[in-house]
Amino acid sequence: MAASLRCFLRSGKNTVSALQRREFHRSAPAAVQMTVRDALNQAMDEELERDERVFLLGEEVAQYDGAYKVSRGLWKKYGDKRIIDTPISEMGFTGIAVGAAMAGLRPICEFMTFNFSMQAIDQIINSAAKTYYMSAGLQSVPIVFRGPNGASAGVAAQHSQCFAAWYGHCPGLKVVSPWNSEDAKGLLKSAIRDENPVVVLENELLYGVPFEMSEEAQSKDFTIPIGKAKIERQGNSVTLVAHSRYVGHCLDAAAVLAKEGIECEVINLRTIRPMDVESIETSVMKTNHLVTVEGGWPQFGVGAEICARIMEGPAFNYLDSPVTRVTGVDIPMPYAKILEDHSLPQVKDIIFSVKKTLNI
Amino acid sequence: AVSTRAASALLVSGCADRPVRTREKCDLHRLEEGPPVRAELTREQGLQYYRTMQTVRRMELKADQLYKQKIIRGFCHLYDGQEACAAGIEAAINPSDHLITAYRAHGYTYTRGVSVKEILAELTGRRGGVAKGKGGSMHMYAPHFYGGNGIVGAQVPLGAGIALACQYQGNNQVCVTLYGDGAANQGQLFESYNMAALWKLPCIFICENNKYGMGTSVERAAASTDYYKRGDFIPGLRVDGMDVLCVREAAQFAADHCRAGKGPIIMELQTYRYHGHSMSDPGVSYRTREEIQEVRSKSDPISMLKERMLSHNMASVEEFKEIDIEIRKQVEEATQFATSDPEPPLEELCNHIFSNNPLLEVRGTNPWSKLKSVS
């Protein structure tokens, strides 16, 4: 409930226009509430229907309806040929998926979490990402790797790593990180339609969260372009850049800071690679301050890359203070709740960092 | 003069009529019967196989030469000695079937349809190379040929995936998935065997056992050197890989097995490489020169085919000589091209990152270097 309320408040402009519409037409707005899980499910369902070359494989995706129920109902609808349960063999089934993509199919390869993708990372990087280049355009690999990324709740160190920086490092890969339901649906559909290997970093904690889905987003052809960030909230005081779950944290922080007259511009990266640095630069040239927020570790992370890119571009001269990175704590994820809570950025950390950046 | 050559001959393929090498029998695993012991070889086929193997041989020897002249750089894993495997397999499958191998790939690149010219030019890193100079020795591709793969064993799950695509599309095609005795110990192979058997994928797993994984002999690497049995629940056969007819018959048998929907099959080809693992390896620290010499004199795949055809009066010494001269000329011309063609233009450095993508900007070595990438 709290989540839905937050979403409602978060909708900002959309909410206002919805209310206005309500007054005018006296009917329910065209937008609906949909969880991220259902949005991902809808995306896959629509793409499976649209193109018979698309298929899904991974552990428990078929008869179990998905470890996190993201693929619920798909096996019942499409059967064994299109929705394939695999044994616990990440390196093997990832290689199989890449081979199938090379031979003309369009696989969606699910990792139960991206922590397990480490076992298959050679197939993702060396067999998928680099092949179009090595073959000078003779061999493309239209594949999607998707699954939950980053911290969950109480799953401890081996199940909580964020891979945005690892995959974002490699040329030949596209990497997206959706936040809300529209992001999830639009980016996954774009990923499936893309001729290249795309890593879709979902977030388990967001699966059950409902967000508003505009009428446009409900369409079967709704896609979001890969490589373009979105301004979730406009502001003049400081730019906040985040991806995935932390977009929500930034909007929460922005709501609190607004009461003190600090107007944050919140940018939802949506794509890690290729990163839309231009949107960040345009914003920084307006606000003169930048704070990045991510769940991953600081060293060589997404925020580190943004810092470097800002320094190399036109926005540097507009900075009134160095860029601030808000990141996960540089430790393996502990189990105990109090420790876990203090291992990841909280809203208060973002608020604190904004004020330090603004020297307030 | 029109020769009274035999149009074809029924030959005992491989096993019985050659000097004894200890591991030559067509051993079977979980198979009631294996490929036929007798095979028919027509004159036309014989000359074609000869031509194919000799071309690969001369191409590889030329690559050796160019490498020593430092015109070819980096890794160069030569195939001379193993020609019967590539030639025999290609004779048994269709161009519409699929094939994937590891890094000792020049022979298969040729049998799968890439010209000697494009192969040598790729090795010398020129724009006329099959991958425009961007792939090199280990990364050459062609329709239904998926390389050329540098990571030992990674090509095996890929091959199983290609077989999955064949099954999915219902096109009655098979995928030949090759690996060496070294890769045979990789875990991902066993994952592939499991899934291929579970889903009955039309995948022919072929182990080219040349007795050495780099500098490590099979006895020092594998608890079981019966590579044709390593698939456990997958039927397998062990075949003399120096005899092109043996290879052909076995590959035909394997392809029929897969096309009949019986699932995957494993073939072990016992073969030998004359060169070391790569051009950096003289190849004599872990094996004796005598061993190499013995294989050359008694089991060379090209000599064996030639002698067979001569003894069955299927071709003359002069004909073979003519073919040799033709091939030498072809390889020389290809070399001329490969050494004179210009290197790829710098403007194309960043191309081919993404397929079907709008123009992309790529960071160069410094912040002011903004390069362009075209699909």
Side-chain angles (χ1 to χ4, degrees), chain A residues 52-53 55 57 80-82 84-105 107 119-120 122-123 125-143 171-174 194-197 226-227 274 277 308-309 311-313, chain B residues 98 100 129-136 138-144 146-151 154-166 168-169 175 177 187-196 198-199 201 344 348 350-357 360-363 367-368 375:
Chain A
E52 61 187 10
R53 298 170 300 171
F55 72 100
L57 91 169
D80 286 331
K81 179 180 171 182
R82 316 267 320 268
I84 304 176
D85 275 337
T86 66
I88 308 173
S89 310
E90 273 76 7
M91 200 163 183
F93 73 66
T94 305
I96 282 176
V98 175
M102 289 178 171
L105 300 183
Q119 299 188 295
D122 174 66
Q123 296 289 1
I125 307 301
N126 281 319
S127 300
K130 297 179 184 173
T131 294
Y132 193 70
Y133 186 86
M134 291 192 294
S135 68
L138 287 177
Q139 180 66 68
S140 63
V141 188
I143 189 169
L173 270 189
K174 295 189 184 180
D194 204 301
E195 295 301 317
N196 300 285
I226 295 177
V277 182
R309 299 275 271 266
M311 285 211 289
E312 291 180 351
Chain B
H98 308 259
I100 188 169
V130 64
K132 300 192 168 81
K134 295 170 92 165
M138 300 184 290
H139 308 296
M140 303 197 215
Y141 302 80
H144 295 224
Y146 304 83
N149 289 275
I151 308 295
Q155 77 279 12
V156 177
L158 294 179
I162 295 161
L164 177 81
C166 293
Y168 189 103
Q169 293 164 332
C175 183
T177 301
Q188 55 189 318
L189 262 70
F190 298 91
E191 296 188 13
S192 304
Y193 294 157
N194 183 40
M195 285 182 273
L198 210 49
W199 302 332
L201 301 182
E348 293 184 16
C350 298
N351 289 352
H352 308 117
I353 297 286
F354 291 131
S355 168
N356 194 31
N357 217 62
L360 189 69
E361 196 179 85
V362 173
R363 189 192 195 277
W368 298 272
S375 280

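Labels below follow one simple rule: chain letters A, B, ... track the order of the sequence lines, proteins then strands, and each chain is numbered from 1.
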What residue, out of [options], has the most heavy-atom pairs lying under 4.5 Å from chain B?
options: Ala136(A), Pro107(A), Gly104(A); value: Ala136(A)
options: Gln119(A), Gln123(A), Met311(A), Met102(A); value: Gln123(A)
options: Lys174(A), Gln139(A), Glu52(A); value: Lys174(A)
options: Pro87(A), Pro171(A), Ser140(A), Pro274(A); value: Pro87(A)
options: Asp122(A), Asp194(A), Val98(A), Asn126(A); value: Asp122(A)

Counting heavy-atom pairs closer than 4.5 Å to chain A, which one of [options] comes out on top?
options: Leu164(B), Asn356(B), Ile151(B); result: Ile151(B)
options: Pro143(B), Gly135(B), Ala154(B); result: Ala154(B)
options: Ser355(B), Ala165(B), Ala131(B); result: Ser355(B)

Structural part of [X] lying under 4.5 Å from a heavy atom of chain A:
X: Val362(B); value: neither
X: Trp199(B); value: side chain
X: Ile100(B); value: neither
X: Gln155(B); value: neither

Roughly how far apart are [X] [atom1] and [Y] [atom2], rounded to 0.5 Å?
X: Tyr133(A); Y: His352(B); atom1: OH; atom2: NE2; result: 9.5 Å
X: Ser135(A); Y: Lys132(B); atom1: OG; atom2: NZ; result: 9.0 Å
X: Phe93(A); Y: Glu191(B); atom1: CZ; atom2: CD; result: 9.0 Å
X: Arg53(A); Y: Gln169(B); atom1: CZ; atom2: CD; result: 9.0 Å
X: Met134(A); Y: Asn149(B); atom1: CE; atom2: CG; result: 7.0 Å

Give, as side chain, backbone, both or neither, the part of Thr94(A) having an atom under 4.5 angstrom from any heavy atom of chain B.
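No part of it gets close to chain B.
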Atom group of Ile88(A) that falls short of 4.5 Å from chain B, counting heavy atoms:
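It is neither, since no heavy atom gets under 4.5 Å.
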May I have the step-by-step check of side-chain contact (heavy atoms from CB on, under 4.5 Å) for His139(B) and Thr131(A), ending in yes or no?
CA-CA 8 Å; His139(B) 308 296; Thr131(A) 294; over 6 Å; no
I'd like to know if the side chain of Tyr146(B) reaches the main chain of Ala103(A), judged simply by a donor and an acceptor atom lying under 3.5 Å from each other, with no hydrogens or angles considered.
no
Check against side-chain contact (heavy atoms from CB on, under 4.5 Å), Arg363(B) and Glu312(A)
CA-CA 11 Å; Arg363(B) 189 192 195 277; Glu312(A) 291 180 351; 2.4 Å; yes
Would you say Lys81(A) and Tyr168(B) make side-chain contact, with heavy atoms under 4.5 Å?
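The answer is yes, as the side chains (C-beta and beyond) meet within the 4.5 Å cut-off.
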Return the minimal non-hydrogen interatomic distance between Met195(B) and Gly92(A), and the atom names on each side.
CE-C, 3.5 Å
Step by step, would you call Glu195(A) with Asn357(B) a side-chain contact (heavy atoms from CB on, under 4.5 Å)?
CA-CA 8 Å; Glu195(A) 295 301 317; Asn357(B) 217 62; over 6 Å; no
